[in-house]
2 protein chains.
Amino acid sequence: MTSTQTLPLTDITQADACSSPLARAAIAPDHADALARSLKALADPARLRILSIVSAHTDQEACVCDLTDQLTLSQPTISHHLKVLVEAGFLSRAKRGTWSYYSLVPGSLNAVAGVLAAV
Amino acid sequence: MTSTQTLPLTDITQADACSSPLARAAIAPDHADALARSLKALADPARLRILSIVSAHTDQEACVCDLTDQLTLSQPTISHHLKVLVEAGFLSRAKRGTWSYYSLVPGSLNAVAGVLAAV
DNA sequence: CGTGGACATCGACAACGATCAATGTTACCG
DNA sequence: CGGTAACATTGATCGTTGTCGATGTCCACG
């Protein structure tokens, strides 16, 4: 194949020759920022285990004593993680008597997973 | 086939009265650790934009000059983010001539999304 | 009331991570 | 051969974050 160098398909307005054309638009910066915030709330082993323990219960609900029992972390640390997950919209808090019950926000995890797969 | 419905619904070794029974097992600690590492690599706006820019190209491939053009970050910083994404298994690097081309590892994002939805 | 239990908040500390300037490395070109 | 362009690596800085002990708050129960 002689390298005739004839590739005038279009006069590409490309910045450089190394670049290939785009099939679609990239993610918007503020969208990336929001998704990164959600992922940051999930990107911790303790918080993932908390979410899993909560969702493993039959009523999708667990109290803090369930978590302090299974995680080898101090109670203030677990409270901190719970706060992060609530503020990120993955858990909701309900106080009944002396106990605080945390439950999964339905669809929140699947929403992030869906957005992530679409990146 | 033996039914796995061997749940002794009676007196479970429940720690406290506040706890409800479990429907399934929680995530394993080392599994949570691995997932957290993957999510940590994704939990950054710049890295999400990099992945999006790469996957927006028709051949799922982009060179560094494409990224320095669109991201308002220094070239060393972008190189750092690319290294993180490669080591996490989301991107692969191919050097051709002077240029380095990064391409998506097929299925890597969907795999994390799937695991995340199953937590 | 007062006491104890369940949980949240505060303050501090150590480790991590995102960023950049400077420099190094490699390939292409005259 | 220089020289330049593309990209990686290094070193340093500085904000962020996971963790814990100490303390505070609220509720239940004698």
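In what follows, every heavy atom counts, from backbone to side chain, and hydrogens, waters and symmetry copies are set aside. Below, chains carry the letters A, B, ... as their sequence lines are ordered, and counting in each starts from 1.
The side chain of Pro76(B) sits closest to dT10(D) out of dC7(D), dT10(D), dA8(C). Among dT9(C), dT19(C), dT9(D), the nucleotide with an atom closest to any side-chain atom of His81(B) is dT19(C). The side chain of Ser100(A) lies closest to dA8(C), out of dA6(C), dA8(C), dC7(D). Nearest to the side chain of Arg93(B), among dA8(D), dT19(D), dC7(C), sits dA8(D). Between dC7(D), dC28(C), dC7(C), one nucleotide has an atom nearer to the side chain of Cys63(A) than all others, and that is dC7(C). Taking every side-chain heavy atom of His80(A) into account, dG18(D) is the closest of dC7(C), dG18(D), dA18(C).
There is no path of hydrophobic side-chain contacts, each under 4.5 Å, that joins Trp99(A) to Ile50(A).
No N or O donor and acceptor, one from the side chain of Gln75(B) and one from the base of dA6(D), sit under 3.5 Å apart.
A sub-4.0 Å separation between OP1 or OP2 of dC20(C) and a side-chain N or O of Ser74(B) is present. OP1 or OP2 of dA8(C) lies within a sub-4.0 Å distance of a side-chain N or O belonging to Tyr102(A). Of the side-chain N and O atoms in Thr77(A), none sit less than 4.0 angstrom from OP1 or OP2 of dG18(D).
Following rounding to the nearest Å, Trp99(A) (CH2) and dC7(C) (C1') show an atom-to-atom distance of 12 Å. One atom, CG of Leu82(A), and another, P of dA8(C), lie 6 Å apart when rounded to the nearest Å. Spacing between atom OH of Tyr101(B) and atom P of dC7(D) amounts to 8 Å, rounded to whole angstrom units. Between Leu85(A) atom CG and dA8(C) atom C1' the separation is 16 Å, expressed in whole Å. The nearest whole Å value for the distance from the NZ atom in Lys95(B) to the P atom in dA27(C) is 6 Å. When the C1' atom of dG17(C) is taken as reference, atom CD of Glu87(B) falls 14 Å away, rounded to whole Å.
Residues Ser74(A) and Thr77(A) share a closest heavy-atom pair of OG-OG1, 2.9 Å.
Arg47(A) places no side-chain N or O within donor-acceptor distance of the main-chain N or O of Leu85(A), the cut-off being under 3.5 Å. Of the possible donor and acceptor atoms, one in the side chain of Asp66(A) sits under 3.5 Å from a partner among the backbone N and O of Cys63(A).
Less than 4.0 Å separates DNA chain D from at least one heavy atom of each of the following residues of residues 31-57 of chain A: Lys40(A), Asp44(A), Arg47(A).
Comparing Leu73(A) and Thr98(A), the nucleotide of DNA chain D nearest to each residue sits closer to the 5' end for Leu73(A).
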